[in-house]
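Heads up: the structure comes next, in structure tokens.
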Amino acid sequence: MSTSLIHLSEISFTYREEKNTVLYDLTLDIERNSVTSILGPNGAGKTTLLHLILGWKKSPSGRILLHGEPISGYSRKAMGRIMGLVPQSEYISFEYSLLEYVLLGRAPHLGSLEMPSKKDCIIAMESLETVGLAELAERPVTHLSGGERQLVMVARTLAQEPEIILLDEPTSHLDLANKIRLLGVLMELRDRGVTIIFTSHEPDMAASVSTHMALMRDGRIQYSGQVDEVLSGDHLSDVYGIPVKIEDCGDQKVIIWHHPGNQ
Amino acid sequence: MIRNRSEKALLSQGGWITLTLFILLIVFAVALLLGRYPKAGLMSPALLQEDPLAQKLLLNLRLPRVLTALLLGMALSGAGMVFQMIFANPLVEPGFLGVSQGAAFGASVSIVFVTTSIWAIQGFAASFAILGLGFSYFIARKVRFGGWVIRLILAGISVSALFTAGIGILKYIADPVSQLPEITFWMLGGLWNITWREYLTILPIVAPSLIIIYLMRWRLNLLCLNDETSFSLGIAPGRERIVFLLLATLATASVISVSGIVGWVGLIVPHIARRLYRSDTRYALTGSMLLGGMFTLICDSIARTVLMGEIPLGILTSAIGATIFMALLMTRTVKVEK
């Protein structure tokens, strides 16, 4: 038996409509209180992997264990309290205020007929404060920029108070300042004991907050483990199929790539 | 400080709901006193104490009709809100997904082939309404292009058209003396033959459906999110959607089994409710039900008092509803910011 928080073994996945397999024979362990970044080219199967861990998609083979138990054994509500998802983007049809929207994160803590209480409101406001949007609490979500929306989705997941947070390309719409703010939020969560798994297209940014890293290509995990072991120029070049180098710049790692015009 | 302000903003919505309830009670009282006895206009409350005919009229004719109008409006606009949330689209109402036409077809089938008993009509209307919804849903899943909502609406339009054609055939073969007027009444919508019997027949279905929807109303918010998001929030989106849809369809089919098709209420009232009480269904659904009740009550009062004869209610709600809808569409940029 594995002692890790989440244990995936021999997972595969095929979309019914398209005949091609998205994930092959995938095995991965997530340690408690770790920050794991999943990198890889577009279409490598990163989002599908997150959806499988969440239980939203089901692997026809292998197994996914959470605290040593199959995830299918957890009730929906129990799962909602353990794991939260920050999707890549979300279509919002109605003009919710930021506060009303973040309050939705309290759902797994409320009974079917229950309404959010004052305590839930306070938790929601604190979550908005954490991502720096408390000032806008009464504004409609539909008026926010793409980056602010992404931060509101993070706040909603914070209000959920899960022990594991999955984020799908959380920085894709953020400007530099908000990116750094989000990294700060992730580090704060990690200090609070939350386990984090996120996908990213920015290896250097991901490396700056991660303890572990997995590199995917064509539905397979090519390299995984501690960041120092995984993040190397050779590995990245292999996964992305273009030559890249990694340089140390102070305490940060920087990706150096060849400009296509300079060859 | 910000925290207090936000909490206040959330709680102040409750005050608006109370105000709406108060106005609704006034409208209700006025509707009861309004009519053509002893002369056109408002009956004086003093008359009620001395005139036994006025008492009888009020208790046996007006009260069940006014109560049914209220229930009809609450059910249609409550169901409209449910549909709009579940399909995450403000342009959906039960009528768009084959529910209303299905119910009308079911009622016609009952009138022509089975019996005109109110129970049978209600049963047939409800079954075919659910069948219509299921059929639209099934077709939408099979459509091979477009987003989910556009597929549903296309499917709903075609299923509705199919039912309308069916109603046309039934009308053609119906007995022009006994059956045809019943079907025609159905298509126009109206409450002129409502008695306590009709009201008490639909109440046991409509009231529990609306109460359950009302109690679960906050969770409706979660169902307008992307499926994977609501799933991650500890919801089983498929299961909860079906519960809400069935309740909304039951309530709708039940009320229109006695009223006939009353259009536009389910579309327009939730729109107005969202503007007045904001989008959170905790308040918007309650507000929608209250406003809906008020809207049909006012329309029905106009329908029975303005002309010597009756104006069919469905015609009035469509005319007024469509006008308000146009106005809303053109003032889209005007936001209600409190």
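Throughout, protein chains are lettered first and strands after them, A, B, ... in sequence-line order, and every chain is numbered starting at 1.
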Checklist entry - What part of A:L166 is in contact with chain B, defined as an atom under 4.5 angstrom from a non-hydrogen atom: side chain, backbone, both or neither? => result neither

Item to check | Heavy-atom proximity to chain B below 4.5 Å, by part of A:M79 | outcome: neither

Next on the checklist: Under a 3.5 Å distance rule, please check whether A:R76 uses its side chain to pair with a backbone N or O of B:L233 as donor and acceptor.
Outcome noted: no

Item to check | Closest heavy-atom pair and its distance - B:C224, A:S93 | outcome: O-OG, 4.5 Å

Checklist outcome for this item: Looking only at A:G55, A:G111, A:A124, the option with the highest number of non-hydrogen pairs under 4.5 Å against chain B is A:G55

Checklist outcome for this item: Whatever's closer than 4.5 Å to a heavy atom in chain B on A:R81 counts as neither

Item to check | Interface residue of largest heavy-atom contact number with chain B, from A:S75, A:G80, A:A78, under 4.5 Å | outcome: A:G80

Item to check | Approximate separation, where rounding is to 0.5 Å, of A:M115 CE and B:M216 CE | outcome: 10.0 Å

Item to check | Per-residue contact mode, B:N89 against chain A (heavy atom under 4.5 angstrom) | outcome: backbone

Checklist entry - Is chain B contacted by the side chain of A:P116, its backbone, both, or neither, given a heavy-atom distance below 4.5 Å? => result both

Checklist entry - Between B:R219, B:R217, B:Q84, which shows the greatest number of heavy-atom pairs under 4.5 Å with chain A? => result B:R219

Next on the checklist: To the nearest 0.5 Å, what is the distance between CG on B:L215 and OG on A:S112?
Outcome noted: 11.0 Å

Next on the checklist: With heavy-atom distances below 4.5 Å as the criterion, would you say the side chains of B:R274 and A:E95 are in contact?
Outcome noted: no

Next on the checklist: Just so I know, are the side chains of B:N221 and A:F94 near enough to count as touching, which here means a heavy-atom distance under 4.5 Å?
Outcome noted: no

Next on the checklist: If I take atom CD from residue B:E228 and atom CG from residue A:L54, how far apart are they, to the nearest 0.5 angstrom?
Outcome noted: 8.5 Å

Item to check | Beyond-backbone contact of A:L104 with B:W218, side-chain heavy atoms, under 4.5 angstrom | outcome: yes

Next on the checklist: Please classify the contact between A:S89 and chain B as side chain, backbone, both or neither, with a heavy-atom cut-off of under 4.5 Å.
Outcome noted: backbone

Checklist entry - Can you tell me how far the CG atom of B:N226 sits from the CD atom of A:Q88, to the nearest 0.5 Å? => result 11.5 Å

Checklist entry - Within the side chain of A:Q160, is there an N or O that forms a donor-acceptor pair under 3.5 Å with the backbone of B:S232? => result yes

Checklist entry - Taking the side chain as C-beta and beyond, is there a heavy-atom pair between B:T229 and A:M153 under 4.5 Å? => result no

Next on the checklist: Does anything in residues 222-253 of chain B form a ring pair (Phe, Tyr, Trp, His ring centres under 6.0 Å)? List the pairs, not counting sequence neighbours.
Outcome noted: A:W56-B:F231

Checklist entry - Heavy-atom distance under 4.5 Å to chain A: side chain of B:L225, backbone, both or neither? => result side chain

